[in-house]
Amino acid sequence: MQEKESTNRDETIQSIWNKRPLIISGPCSAETEEQVLATAKRLAATGKIDMLRAGIWKPRTKPGMFEGIGAKGLPWLQKAKEMTGLPVTVEVATAKQVEDALNFDVDVLWIGARTTVNPFSVQEVANALRGVSIPVLIKNPINPDLELWTGAVERIARVGVQQIGLIHRGFSTFGNTEYRNAPMWHMAIEMKRRNPDMMIINDPSHICGRCDILLDTAQKAIDLDFDGLMIETHIDPNNAWSDAKQQITPEQLQELLEAIVWRKEDVSSATFNAALEKLREQINHLDDELMQLLGQRMKIADKIGAYKKNNNVTILQTNRWNEILERSFAKGEKIGLSKEFIIRYFDAVHMESINHQKKIFDDL
Ligand code: PEP
Ligand code: MN
């Protein structure tokens, strides 16, 4: 009987896991029983969410902040699940937390950004999951390191966990002001390319750290074909015990989800596909030309390298580099290229030039 129950539960979770878009929401932290139940009730009333989240144990960057209510919050989530029928997910960082979560019928576990960075912790969680059938979502590590993220996925996969998903929550960068955690979309896109069959959802709450740009960020994720969203909600965001600035009410979440334009990745209309195909051909053509030009540019860099070497001049001349950047900012602005892109592009081109010249220095 008990086995049957657990099979049914696995099937329910499986169908929720496969739902697109998958929407997960709930408070940053479970604070009180009333808060958890009221949030769950109001979220369920929107009819728009598939899974309830709440932080029970909170790894905080600095001591003295609210570090989570602990295992005593787990029965509140159990109640919230009974009341709404929504499955629940919590963050785990240690073997004991995994054990507690499993004892209280948590349906999905997630590994937080501060845990993904640490292979010891990820391995501890993985060991506790050996032989357990539960889906696990893995947030990107705090720092932009795809190997660390991949390593965490591999550790969890190796112990036999079959359902693994990814959460993109942005990366911490020094001096960043617009976002709490820079999205660095290219990192998530690369992770998606490497794991084409793995679900990846976006967490705009931790990327933005504020509410006014949540919609824009969530829309961007949907436009980039993410499989869903995890968004923090609170019944009284201003008085939340953690992440107060980025939480919205369940009703605001409903508005946000209704404001998103949900696009499909593929459309079957023949006219649309033909038009798209034509434009893609143009892009391919231009990309080929760009590659040719870059090749030519490197050949000139090689010549300069030989010339510098013969005249005993260093490879890097900072003034010249600044001049290239300034020139390109001015030009780029006129044709709609952002400063951020120009820096990234020229950094890459410049590094390649330097490597070419270095090779000339070593070879001659
Ligand atoms: C959270 O989801 O509340 C959290 C702590 O997130 P992250 O691990 O992304 O910082
Ligand atoms: Mn949070």
Side-chain angles (χ1 to χ4, degrees), residues 22-31 35-36 39 43 49 51-63 65-70 73-74 77 88-94 97-98 101 106 108-118 121-122 125 136-145 148-149 152-153 156 165-173 176 179-185 187-188 191 200-211 213-214 217-218 221 226 228-250 252-253:
L22 181 76
I23 307 294
I24 306 176
S25 187
C28 177
S29 302
E31 298 164 3
Q35 169 245 9
V36 169
T39 314
L43 280 171
I49 81 150
M51 203 182 292
L52 208 55
R53 65 149 277 155
I56 292 288
W57 303 277
K58 304 297 300 177
R60 307 314 301 271
T61 301
K62 301 219 179 93
M65 296 162 97
F66 176 57
E67 297 201 325
I69 204 73
L74 290 169
L77 285 179
V88 295
T89 179
V90 302
E91 173 176 354
V92 288
T94 66
Q97 291 170 5
V98 171
V106 167
V108 170
L109 302 175
W110 93 78
I111 296 182
R114 289 165 192 77
T115 306
T116 309
V117 286
N118 185 343
S121 303
V122 175
V125 169
V136 180
L137 291 162
I138 305 177
K139 286 199 172 198
N140 66 257
I142 297 240
N143 53 323
D145 184 340
L148 214 42
W149 200 359
V153 171
I156 299 299
L166 305 167
I167 305 179
H168 168 230
R169 50 77 79 196
F171 303 88
S172 131
T173 49
N176 185 28
Y179 295 102
R180 176 175 174 198
N181 291 293
M184 302 191 189
W185 296 101
M187 302 284 287
M191 198 62 182
I200 178 162
I201 66 173
N202 179 259
D203 170 351
S205 301
H206 291 87
I207 288 178
C208 299
R210 51 193 244 225
C211 301
I213 52 171
L214 265 185
T217 309
F226 276 72
L229 300 167
M230 180 191 256
I231 299 183
E232 287 184 342
T233 44
H234 195 281
I235 45 168
D236 181 9
N238 289 336
N239 291 307
W241 297 2
S242 62
D243 289 352
K245 282 202 204 122
Q246 70 196 31
Q247 301 203 62
I248 54 178
T249 64
Q252 286 169 326
L253 175 77

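Please read all numbers here as calculations on a predicted model, not as lab measurements. Both counts, for ligands and for their atoms, begin at 1 and track the order of listing.
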Using a strict 4.0 Å cut-off to heavy atoms of [X], name the atoms of ligand 1 that fall inside it.
| X | value |
| --- | --- |
| Trp110 | 2 (O) |
| Cys28 | 3 (O) |
| Lys58 | 1 (C), 3 (O), 5 (C) |
| Gly112 | 8 (O) |
| Arg169 | 7 (P), 9 (O), 10 (O) |

Worksheet entry | Protein residue, atom and distance nearest to atom 6 (O) of ligand 1, heavy-atom basis |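 Checking every protein heavy atom, the shortest distance to atom 6 (O) of ligand 1 gives Lys139 NZ, 2.9 Å.
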Fill in: Heavy-atom nearest neighbour in the protein, as seen from atom 4 (C) of ligand 1, with distance rounded to 0.1 Å
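Checked against all protein heavy atoms, atom 4 (C) of ligand 1 sits closest to His206 NE2, 3.4 Å.
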Worksheet item: Quick check: does Arg114 get an N/O under 3.5 Å from an N/O on ligand 1?
Response: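 Yes, at least one N or O pair falls under 3.5 Å.
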Worksheet item: Polar-atom distance check: Asp203 versus ligand 1, any N or O pair below 3.5 Å?
Response: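 Asp203 vs ligand 1: no N/O contact under 3.5 Å.
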Worksheet entry | Shortest non-hydrogen contact from Lys62 toward Glu67 |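 So the two residues come closest at O-OE2, 4.5 Å.
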Fill in: Closest approach of Ile207 to Gly170 (non-hydrogen atoms, all atoms of both residues)
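Ile207 and Gly170 have their closest heavy atoms at CG1-N, 3.5 Å.
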Worksheet entry | Option of least heavy-atom distance to atom 2 (O) of ligand 1 (set: Arg53, Glu91, Glu232) |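 Nearest option to atom 2 (O) of ligand 1, by heavy atoms: Arg53.
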Worksheet item: For atom 8 (O) of ligand 1, which candidate among Pro59, Ala113, Ser29 provides the closest heavy atom?
Response: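 Ranked by closest heavy atom to atom 8 (O) of ligand 1, first place is Ala113.
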Worksheet entry | Heavy-atom side-chain proximity of Arg180 to His206 below 4.5 angstrom |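 The answer is yes; the side chains approach within 4.5 Å.
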Item to complete: May I ask you to say whether Lys58 pairs ionically with Asp243, meaning some side-chain N is under 4.0 Å from a carboxylate O?
Response: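 No.
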Discussion item. One thing to verify: whether Glu232 and Arg53 come together as a salt bridge, which I'm taking to mean a side-chain N less than 4.0 angstrom from a carboxylate O.
Written reply: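 Looking at Glu232 together with Arg53, the answer is yes, because their closest N to O distance falls below 4.0 Å.
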Item to complete: Select one of side chain, backbone, both or neither to describe which atoms of Met230 lie under 4.0 Å from any atom of ligand 1, heavy atoms only.
Response: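 No part of Met230 comes within reach of ligand 1.
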Worksheet item: Just checking, any donor-acceptor pair under 3.5 angstrom between side chains of Thr115 and Ser121?
Response: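 There is no such pair between these side chains.
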Discussion item. Between the Mn ion (ligand 2) and Asp243, which N, O or S atom of the residue is the nearest one?
Written reply: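 For Asp243, the N/O/S atom sitting closest to the Mn ion (ligand 2) is OD2.
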